[in-house]
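The block underneath contains the structure these notes are about, expressed in structure tokens.
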Amino acid sequence: MVEKNKEYYYENRLSNTKPNSHLYDDRLCDYVEHLLCKERVIEAKFYILSLKNIDLRSIRLGFKVAVASFDNDLVRRYNELLISSGCPRVEIVWFNLQYYIKMLDLSKSLEASEFILANRPKDIYVQTVFQACLVFSEYDFLKTLVKSGFYSRLNPSDPALKKLKEILHKTLLKKLGALHNAKLYGG
């Protein structure tokens, strides 16, 4: 019931605002954020593309919509807009990391993660690097997080800790197997 009221709240607020009002784009962005939270990506994409005034908030939101809709051309467009708007480099790389995770691009995700952690990141950026670690199940992400000292900022859930243990266990077994083979074959 409360959720339905929230739905109508954003719709009514937008529909009661005249398109030539200075509040229209701001309310449209609020509505697009709400649609993204509800995973209504197609609608969010329609509305974000109808924005008249493009500011940093709408660019960030547009990038999120582009990633959620797997639209490579739109990602490229909003990436260029982020760069031209003077957005900090670490934030641009963070947005790109979200895209690389969604596209399952391991090497670019690791490269972006290393860059982010080397530039005094915000907690939300560190959480995204941690998300990459869990998605790819790669020891290199975890190693980068721990070496950078940002692992202590995280408060992983029990399932996330279980996944981390699996990553460490898998890596340990690989290393022990390689060591064993090296000793067996005189390497």
Side-chain angles (χ1 to χ4, degrees), residues 29 32-42 44-45 48-49 51 54-175 178:
C29 283
V32 169
E33 285 175 349
H34 174 72
L35 291 172
L36 276 179
C37 287
K38 295 292 184 184
E39 297 181 6
R40 293 167 54 187
V41 178
I42 295 171
K45 184 176 176 181
I48 200 71
L49 291 174
L51 277 171
I54 296 180
D55 60 356
L56 196 52
R57 178 185 180 203
S58 63
I59 294 170
R60 289 175 174 138
L61 191 54
F63 201 101
K64 289 178 184 178
V65 169
V67 169
S69 64
F70 292 94
D71 189 331
N72 294 332
D73 294 331
L74 207 54
V75 166
R76 200 171 5 269
R77 174 181 165 197
Y78 281 105
N79 193 49
E80 290 170 5
L81 286 170
L82 277 172
I83 292 167
S84 66
S85 70
C87 193
R89 177 85 177 120
V90 69
E91 185 176 354
I92 294 169
V93 173
W94 174 66
F95 274 108
N96 283 304
L97 174 59
Q98 293 173 62
Y99 173 66
Y100 299 146
I101 292 170
K102 199 84 157 170
M103 300 306 289
L104 298 175
D105 190 332
L106 174 65
S107 62
K108 288 185 179 178
S109 294
L110 185 57
E111 188 179 313
S113 296
E114 289 170 349
F115 179 85
I116 289 169
L117 294 173
N119 287 283
R120 295 194 324 259
K122 297 178 182 177
D123 286 347
I124 187 91
Y125 301 170
V126 175
Q127 290 170 1
T128 305
V129 172
F130 184 65
Q131 177 190 358
C133 178
L134 296 177
V135 166
F136 291 109
S137 297
E138 284 292 322
Y139 175 71
D140 292 336
F141 286 99
L142 185 58
K143 181 174 71 174
T144 303
L145 259 174
V146 172
K147 280 173 75 175
S148 68
F150 291 111
Y151 180 77
S152 60
R153 285 192 194 179
L154 299 170
N155 189 14
S157 64
D158 289 339
L161 284 173
K162 183 179 177 190
K163 182 82 169 177
L164 290 177
K165 287 178 185 176
E166 288 173 9
I167 294 168
L168 290 171
H169 186 252
K170 180 178 81 172
T171 305
L172 180 62
L173 288 177
K174 276 186 194 175
K175 300 257 182 201

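Note that these values count all heavy atoms, side chains included, but never hydrogens, waters or copies made by symmetry. Nothing fancy with the numbering, it's 1 onward along the sequence.
In terms of heavy atoms, Arg77 sits closest to Leu49 at NH1-CD2, 3.4 Å.
Take Ile83 and apply the side-chain contact (heavy atoms from CB on, under 4.5 Å) test, not counting sequence neighbours, and it matches Asn79, Ile92. Residues that satisfy the side chain to side chain donor-acceptor pair (under 3.5 Å) test with Ser85, not counting sequence neighbours, are absent from this structure. A search for side chain to side chain donor-acceptor pair (under 3.5 Å) contacts involving Gln131 returns nothing, not counting sequence neighbours. For Ala112, the side-chain contact (heavy atoms from CB on, under 4.5 Å) criterion is met by Val93, Leu97, Tyr100, not counting sequence neighbours. Residues that satisfy the salt bridge (charged side-chain N to carboxylate O under 4.0 Å, His left out) test with Glu138, not counting sequence neighbours, are absent from this structure. Residues passing the side-chain contact (heavy atoms from CB on, under 4.5 Å) test with Glu80 are Arg76, sequence neighbours excluded. Legend: residues meeting ring pair (Phe, Tyr, Trp, His ring centres under 6.0 Å) with Phe63, ordered by chain and number and at least two apart, are Phe95. Applying the salt bridge (charged side-chain N to carboxylate O under 4.0 Å, His left out) criterion to Glu33, with sequence neighbours excluded, gives Arg57. Taking the salt bridge (charged side-chain N to carboxylate O under 4.0 Å, His left out) definition, one finds that Lys45 meets it with Asp71, sequence neighbours left out. For Tyr99, the side chain to side chain donor-acceptor pair (under 3.5 Å) criterion is met by Asn72, not counting sequence neighbours. The ring pair (Phe, Tyr, Trp, His ring centres under 6.0 Å) search around Phe136 returns Phe141, not counting sequence neighbours.
Glu91 contributes atom CD, which lies 10.5 Å from atom CD1 of Ile116 (distance to the nearest 0.5 angstrom). Here the straight-line distance linking atom CG of Leu61 with atom CG of Asp55 works out to 9.5 Å at 0.5 Å rounding. Note that CD1 of Ile167 is 13.5 Å distant from CG of Leu172, once rounded to the nearest 0.5 Å. Distance check, rounded to the nearest 0.5 Å: CD1 of Ile59 to CG of Leu81 gives 4.5 Å.
In this structure, Tyr78 and Ile48 have side chains that are in contact, with non-hydrogen atoms separated by less than 4.5 Å. Residues Cys29 and Leu51 are in side-chain contact: their nearest non-hydrogen atoms beyond the backbone lie under 4.5 Å apart. Looking at Val67 and Lys64, their side chains never come closer than 4.5 Å, going by heavy atoms from C-beta outward.
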Run the side-chain donor-acceptor check on residues 101-108: report pairs under 3.5 Å with partners two or more places apart or on a different chain.
{"from": "Asp105", "atom 1": "OD1", "to": "Ser107", "atom 2": "OG", "distance (Å)": "3.4"}
{"from": "Asp105", "atom 1": "OD1", "to": "Lys108", "atom 2": "N", "distance (Å)": "3.3"}

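Lys170 places a side-chain N or O within donor-acceptor distance of the main-chain N or O of Ser137, the cut-off being under 3.5 Å.
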